[in-house]
J.: 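For reference, the structure I am asking about is given below.
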Amino acid sequence: MKNQMNQIFVHSVFIVLAALCLFPFLLLFMSSVTEEASIISNGYSIWPSVFSLEAYSYLWNQKSAMFNAYGITIVVTVVGTFVGLVISALLAYPLSRNDLPMRRSLSFLVFFTLLFNGGLVPTYLIYTEVFEMKNTLMSLVVPGLLTNGFFILLIRTFFANSIPVQIIESAYIDGASEFKIFYRMVLPLSLPILATIGLMLTINYWNDWFNGLIYVTEPSLFSIQNLLNRMLVNIQFLQQNNLGGQNVTASMPMNSVRMAMAVIGILPLLLIYPFFQKYFVKGLTIGAVK
Amino acid sequence: MPRKSKVSILLLSVVLIMSLVLSACGNSNNSSQSSSPAASGSTATSEGTASGPNNEKELELKLAFIGLGNMKDVNLVQDEISKITKAKINATVKLMPIDIGAWVQQVNLMLAGNEPLDLLLTSSFFNFSSQVAKGQLLPIDELVAKYGPTIKDTMEPNIFNATKVGGKSYGVPSVRDTAADHGFAARKDLMDKYSLTFDNVKTYADLDPILKTIKDNEPGIYPIVQRSQANTIASEIVRGYIDAMGDTPGVIMVNNQDLKVVNLYEQPMYKDALQLARRWYQAGYIMPDAATSQESNNSLMNAGKAFSYFANMKPGFEAQETIVNGHEIVAVRFVAPISTSDSSTGFMMSIPKNTQDADRAAQLLNLLYTDKDIANLIANGIEGKHYVSAGDNLIKAPEGSSNYIFNQWEVGNNALTKVWEGTAPDIWEQTKAFNAASTFSKALGFSFDATPVKTEVAAVANVNNQYKAGLESGTIDPAKLDEFLSKLRSAGLDKIIAEKQKQLDAWAKENNIQ
Amino acid sequence: MAKTGWVQTLKKIKRYRALFLMMVPGIVYLIINNYMPMFGVIIAFKDINYAQGILGSDWIGFKNFEYLFKTDDAFTITRNTILYNGSFIILNTVMAIGVAIMLNEVRSKFAARFYQSVILLPFLISMVVVGYLVLSMLSSENGYLNMNILPMFGMEPISWYFEPKYWPYILTIVQLWKATGYLCVIFLASIIGIDNEYYEAATIDGASKWHQIRSITVPLIMPTITIMTLLAIGRIFYSDFGLFYQVPLNSGPLQPVTDVIDTYVYRGLMTLGDIGMSSAAGLYQSMVGFILVLLSNYIVSKRNKENALF
């Protein structure tokens with residue numbers, strides 16, 4: 001009885017939260033299918049007075065650029081997520097081991113990167129001059145791999161708290177190598193955190209426009225988010241700088257196009273999201289321990 | 001604990017030493033590379049006169065400019081241009097349009113390193129003088145004299161000569177409508193509907209009855225809109241009378257024909273403009289959220305929500321605006337054309353220190369101003385694909401519409417380009433005459449270097465943002481002007497103006513301008 | 001003595017060589033991506049002239065830092081930055097933990113997945129788009145609030161973008177809306193990792209839900225909470241630029257309550273493009289964050305050494 005009450009309470013809270021989160025998206029989607037003139041004269045609305053797919057057909061007209069951008073986004077996201085996850089887990093596991101020599105110093109080495117950075121210009125120079133990555137796919141993947149060590153600390157904490165030291169020790173005594181322990185025992189026990197970090201990395205890569213803005217000037221390497229961001233930032237720039245009154249605003253894309261770009265930027269992420277969620281299923285860890 | 005921190009210090013210092021070594025290597029590269037173009041430039045100028053340009057090695061010259069509009073087929077255009085340049089100067093061309101929103105950052109980054117970049121669009125709106133001060137651009141007088149002796153004939157001499165800093169020239173202005181007159185543009189259909197004319201409209205303040213008629217009879221249409229948040233009502237009104245000399249505070253009044261730097265915000269003209277904007281705002285002629293609106297005048301006009309706007313103009317203005325606004329436009333001019341220092345330094349082509357070969361870059365620069373085919377390719381795209389001939393040197397869009405739109409005023413010699421159908425065929429002659437007949441600002445040719453007062457400039461920019469858009473659109477009561485002024489002063493406005501005056505005086509003395 | 005010390009260390013390294021090997025790719029990466037560029041902090045103290053190169057440029061001491069402290073606005077932007085980010089840290093953490101715990105309580109697997117997806121949605125869109133969404137709600141002319149909501153309560157339309165007093169709340173709400181989902185997923189991963197036995201034992205002892213949360217869930221996810229909070233403290237002087245710049249549309253009258261260090265620096269440098277000054281701002285922000293983190297980490301490690309970061 002009490003349990004049921006609990007469930008009702010929890011569900012009603014989430015229904016309210018879900019509505020709050022969904023409403024703006026409904027608005028976003030609806031604006032993307034509203035006629036341009038209607039947005040300007042009647043404002044954004046949940047039920048547009050004049051429907052129009054003009055924005056999407058405008059984007060469809062540029063389909064080669066759009067599909068190319070999707071391709072870039074997908075390649076970068078898949079490669080980046082995979083490599084990032086592998087490097088992070090490999091680095092986090094030893095740091096989670098209490099018996100590792102110099103553990104604190106090494107942790108500090110990782111942690112320090114979260115607080116200090118050399119700034120944009122030196123980083124840019126290292127990547128473009130030393131590694132010659134300007135205008136390459138690498139430049140979209142590499143700078144985001146460890147996201148400044150942030151995820152390493154999360155994985156380390158999970159390893160330290162959720163992997164019983166006894167099973168590692170007993171495996172070691174049984175003669176298993178460290179790599180084997182890591183691969184056969186630690187990783188399977190850590191699916192929840194790996195899925196979480198994998199999801200975070202995916203989101204980061206999918207939504208990244210900054211590296212594209214900095215390291216890429218070649219339009220064939222623009223990702224979806226990079227295209228969207230450039231469009232929006234250009235509009236803002238033109239609005240707020242008068243350039244001696246030069247006429248440049250005529251080339252700004254329409255409201256509905258901006259919204260349609262945002263919609264097609266999010267959609268695929270929504271589609272792969274359930275795939276990650278599979279791993280959040282409760283009991284996965286515990287089942288394995290028992 | 002102490003032992004551990006020792007280890008981490010050790011690690012850190014190893015890393016730091018590594019990075020020192022690496023960046024030292026990078027740096028030695030730096031200096032050798034950055035000195036080479038200058039060196040080759042000087043050898044070329046001494047030997048070259050005898051032996052002619054040495055173009056033995058094939059190069060890919062990179063040309064960076066602000067990418068506005070839709071340049072989807074930029075690669076095709078670039079290939080066509082390369083065919084011409086390959087034959088003429090043994091170099092191919094790489095066009096690099098960079099988004100305006102990313103421009104400042106991207107250019108800064110490219111010039112911080114040694115990335116090859118041979119020609120670069122520069123502008124007084126985008127730190128031209130600080131680029132010169134920081135050694136990012138090469139002086140080009142000798143190179144232009146050697147490889148592009150006819151460039152100077154393509155434009156007004158005062159415009160051509162106005163890109164000098166410290167006696168050396170650092171850029172070639174684009175050939176465009178460098179002068180501008182200022183006035184009011186409105187929808188013809190509504191003007192006709194209410195039998196409105198510009199007969200008795202001599203100044204901005206005379207517009208009241210027209211705006212009132214629209215307000216009273218056309219609900220849902222704003223009588224007047226701004227072109228953007230920054231092109232405010234008041235700023236458009238005063239723009240025709242001042243030379244702003246870049247976008248730091250401190251202007252000179254063009255009509256005074258003197259070299260006294262004044263604070264624009266204290267001028268009676270500015271105060272009057274604020275009062276007018278406020279009156280119109282309160283009368284409901286200006287849209288309530290003008291100061292934060294994300295809509296341009298063009299989209300508001302197209303949506304049928306706007307009747308008129310202020311603008312700077314040129315020959316052919318009405319025809320151009322009719323196309324972008326979707327309504328026929330009529331205009332009235334209140335201020336005769338002027339050429340200010342931004343007319344010259346607003347958009348230039350410069351040779352950055354990163355160039356692979358300064359001589360070859362200068363030859364390409366020459367082609368941009370003298371080769372008709374290249375000018376057309378850049379501005380209009382490829383014939384048959386992006387435009388078709390409409391006879392008589394006129395062009396029109398091919399079946400379906402053109403997907404190569406380039407903003408013409410930015411790069412090279414636009415007077416060489418073919419003219420779109422609907423525009424007067426002699427538009428470039430008109431423009432030339434228009435430019436020549438304008439009142440030239442006495443400060444034309446002066447570039448302000450903001451570096452000595454950069455602390456103040458940063459602070460003033462923030463104060464500006466807080467008040468300017470609101471005051472000038474009429475959204476904020478002009479009574480707040482005093483507050484604005486006192487905040488500007490405490491941010492260091494007077495220091496900037498004094499520095500500007502100092503540099504202007506020094507410049508005038510150097511150039512014998514009274 | 002010293003010799004046996006060496007031998008021992010070598011032995012240890014041999015014993016753990018596999019673990020060290022695992023760390024190599026990550027450490028190398030951090031050195032390239034993070035430590036090598038740190039050399040660049042010298043830019044903050046230089047008057048950069050490219051003709052002389054970065055190393056050859058003149059030292060100018062703290063001149064590049066001046067604009068951060070010199071003006072009347074220095075106090076405002078610092079205050080805003082700390083107050084906003086401080087309250088975001090507290091509110092985000094409380095909200096995200098609350099939602100994560102509740103999400104863990106949802107029985108229906110399908111519903112749990114659905115809710116989780118939905119609350120993560122806001123995180124997926126960029127702040128610029130959020131700015132447009134907020135505009136569609138608040139626009140004085142045709143925004144949703146002025147058109148539909150306020151009239152329901154018989155209220156007059158409000159010029160939102162000119163009224164500073166509402167913005168501390170608006171920004172906080174937008175921020176919570178956008179960030180909760182992300183944090184919540186991280187906390188949820190920790191909660192899922194908690195052994196069910198603890199709860200079973202507690203239920204047998206007759207502990208209430210509230211009691212279980214307080215004495216099992218929260219203490220067990222404390223390490224994660226600590227990490228997240230310390231990280232947030234380390235970045236307390238950095239702000240989400242999009243939130244403070246794009247969402248208020250950079251509106252002037254709002255500036256006293258929406259201006260933070262990042263927006264101030266951005267505006268100032270738009271016209272200057274001076275990398276010395278931007279490096280100075282970055283260094284200042286890092287330094288303050290660094291000191292604050294060292295302090296809080298010290299306090300944390302006093303109370304519970306295990307939870308400390310290093």
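Lettering of chains follows the sequences in order, A, B, ..., and the numbering in each one begins at 1.
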J.: In terms of heavy-atom pairs under 4.5 Å with chain A, which of S278(C), A44(C), P223(C) leads?
T.: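 Of the candidates given, the most pairs with chain A belong to P223(C).
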J.: Looking at F179(A), I'd like to know if its CZ atom is crowded, meaning that more than 12 non-hydrogen atoms belonging to other residues, nucleotides or ligands lie closer than 6.0 Å.
T.: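 Yes, CZ of F179(A) has more than 12 neighbouring heavy atoms, counting only those of other groups under 6.0 Å.
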J.: What part of V142(A) lies closer than 4.5 angstrom to a heavy atom of chain C: side chain, backbone, both or neither?
T.: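 V142(A) touches chain C through backbone and side-chain heavy atoms alike.
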J.: Side chain, backbone, both or neither: which part of M95(C) has a non-hydrogen atom closer than 4.5 Å to chain A?
T.: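 Answer is side chain: those atoms of M95(C) sit under 4.5 Å from chain A.
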J.: Dump the intermediate steps for side chain to side chain contact (heavy atoms under 4.5 Å, CB included) on V129(C) and R258(A), then the final yes or no.
T.: CA-CA 8 Å; V129(C) 176; R258(A) 302 170 204 168; over 6 Å; no
J.: What part of Q285(C) lies closer than 4.5 angstrom to a heavy atom of chain A: side chain, backbone, both or neither?
T.: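 Neither part; nothing is under 4.5 Å.
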J.: So W206(A) and L124(C), do their side chains get closer than 4.5 Å, heavy atoms only?
T.: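 Answer no - side chains too far apart.
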J.: Measuring heavy-atom distances to chain A, does F20(C) have an atom under 4.5 Å in its side chain, in its backbone, in both, or in neither?
T.: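 When you check distances to chain A, only side chain atoms of F20(C) fall under 4.5 Å.
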J.: Starting from the C-alpha separation in whole Å, work towards a yes-or-no answer on side chain to side chain contact (heavy atoms under 4.5 Å, CB included) for I125(C) and I266(A).
T.: CA-CA 7 Å; I125(C) 48 173; I266(A) 316 171; 3.0 Å; yes
J.: Counting only heavy atoms not in Y183(A), do more than 12 fall under 6.0 Å of its OH?
T.: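 For Y183(A), atom OH is not crowded (no more than 12 foreign heavy atoms under 6.0 Å).
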J.: With a sphere of 6.0 Å drawn around OH of Y198(C), does it hold more than 12 non-hydrogen atoms of other residues, nucleotides or ligands?
T.: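 Count not over threshold, so no.
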J.: May I ask you to test the I15(A)-Y115(C) pair for a side-chain heavy-atom distance under 4.5 Å?
T.: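 Sidechains of Y115(C) and I15(A): in contact.
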J.: So what's closer than 4.5 Å to chain A heavy atoms on S139(C): side chain, backbone, both or neither?
T.: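 For S139(C), neither part sits under 4.5 Å from chain A.
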J.: Side chain, backbone, both or neither: which part of F290(C) has an atom under 4.5 Å from a heavy atom of chain A?
T.: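 It is both, since atoms from each part get that close.
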J.: M23(C) versus L90(A): any side-chain heavy-atom pair under 4.5 Å?
T.: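 Side-chain contact under 4.5 Å: no.
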J.: Could I get the full list of salt bridge (Lys or Arg N to Asp or Glu O under 4.0 Å) partners for R103(A), not counting sequence neighbours?
T.: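 With neighbours one apart ignored, the set is empty.
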J.: Side-chain contact, heavy-atom cut-off 4.5 Å: F14(A) with F114(C)?
T.: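 Result no, sub-4.5 Å side-chain heavy-atom pair not found.
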J.: Contact part of F123(C) toward chain A, heavy-atom cut-off under 4.5 Å: side chain, backbone, both or neither?
T.: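 Both the backbone and the side chain of F123(C) come within 4.5 Å of chain A.
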J.: For M22(C), does its backbone N or O pair with a side-chain atom of Y93(A) as donor and acceptor, under 3.5 Å?
T.: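 Judged by distance alone, no pair lies under 3.5 Å.
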J.: Under 4.5 Å, counting heavy-atom pairs only, tell me which of T180(C), I186(C), I119(C), T224(C) racks up the most with chain A.
T.: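 Of the candidates given, the most pairs with chain A belong to I186(C).
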J.: Walk me through whether L114(A) and R235(C) qualify under side chain to side chain contact (heavy atoms under 4.5 Å, CB included).
T.: CA-CA 9 Å; L114(A) 287 165; R235(C) 301 193 58 82; over 6 Å; no
J.: Say whether, by atom type as modelled, one donor and one acceptor occur between the side chain of Q7(A) and the main chain of R107(C) under 3.5 angstrom.
T.: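 Such a contact is found between Q7(A) side chain and R107(C) backbone.
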J.: When heavy-atom pairs shorter than 4.5 Å are enumerated against chain A, which of I27(C), V41(C), V24(C) gives the highest number?
T.: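 Highest number of pairs under 4.5 Å: I27(C).
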J.: Please state whether the side chain, the backbone, both or neither of L220(C) comes within less than 4.5 Å of a heavy atom of chain A.
T.: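 When you check distances to chain A, no heavy atom of L220(C) falls under 4.5 Å.
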J.: Pick one of side chain, backbone, both or neither for R17(C), based on which atoms fall under 4.5 Å of a heavy atom in chain A.
T.: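 Interface part for R17(C): neither.
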J.: Please determine, among L283(C), L103(C), I43(C), the option with the most heavy-atom pairs under 4.5 Å with chain A.
T.: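 Top count of heavy-atom pairs under 4.5 Å with chain A: L103(C).
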J.: Hey, are the side chains of L109(A) and L30(C) touching, using non-hydrogen atoms and a 4.5 Å cut-off?
T.: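 The answer is no; the side chains never approach within 4.5 Å.
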J.: Do P24(A) and W177(C) have side chains that get closer than 4.5 Å, going by heavy atoms?
T.: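 Result yes, sub-4.5 Å side-chain heavy-atom pair found.
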J.: Counting only non-hydrogen atoms closer than 4.5 Å, does F25(A) touch chain C with its backbone (N, CA, C, O), its side chain (CB onward), both, or neither?
T.: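 F25(A) touches chain C through side-chain heavy atoms alone.
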J.: Do the rings of F112(A) and Y35(C) sit parallel, tilted or perpendicular, given the 30° and 60° boundaries?
T.: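 Rings of F112(A) and Y35(C): parallel, under 30°.
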J.: Sort S279(C) into side chain, backbone, both or neither according to what part of it lies under 4.5 angstrom from a heavy atom of chain A.
T.: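 Neither part.
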J.: Is there a donor-acceptor pair closer than 3.5 Å between any side-chain N or O of Y132(C) and the backbone N or O of L28(A)?
T.: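 Flag not set: sc Y132(C) to bb L28(A) has no pair under 3.5 Å.
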